[in-house]
Amino acid sequence: MLCEKPITVSVEEEKILYRLAAEKQLYLVEGMWTYFLPAIQQAQQWVNQGRIGK
């Protein structure tokens with residue numbers, strides 16, 4: 001199961017989803033597209049400039 005964020009709005013809902021995924025032997029993950037966030041774009045620019053990372 002892939003759920004776009006937010007995966008739930010409460011701990012109780014999350015526990016229900018976790019239990020259902022376990023019963024059905026599925027992975028439960030939350031998807032988040034961060035490519036266009038300003039912080040990610042800045043970090044990518046710094047990587048490309050050799051200021052951080054590889």
**Item:** Between Gln45 and Gln42, a side-chain donor and acceptor under 3.5 Å
**Value:** yes
**Asked** For Ala21 and Leu28, which heavy atoms make the closest approach, and how far apart are they?
**Response** CB-CB, 3.8 Å
**Request:** For Ser10 and Glu13, indicate whether the former's side chain and the latter's backbone hold a donor-acceptor pair under 3.5 Å.
**Result:** yes
**Distance, nearest 0.5 Å, that separates CD of Gln44 from CG of Leu37** = 13.0 Å
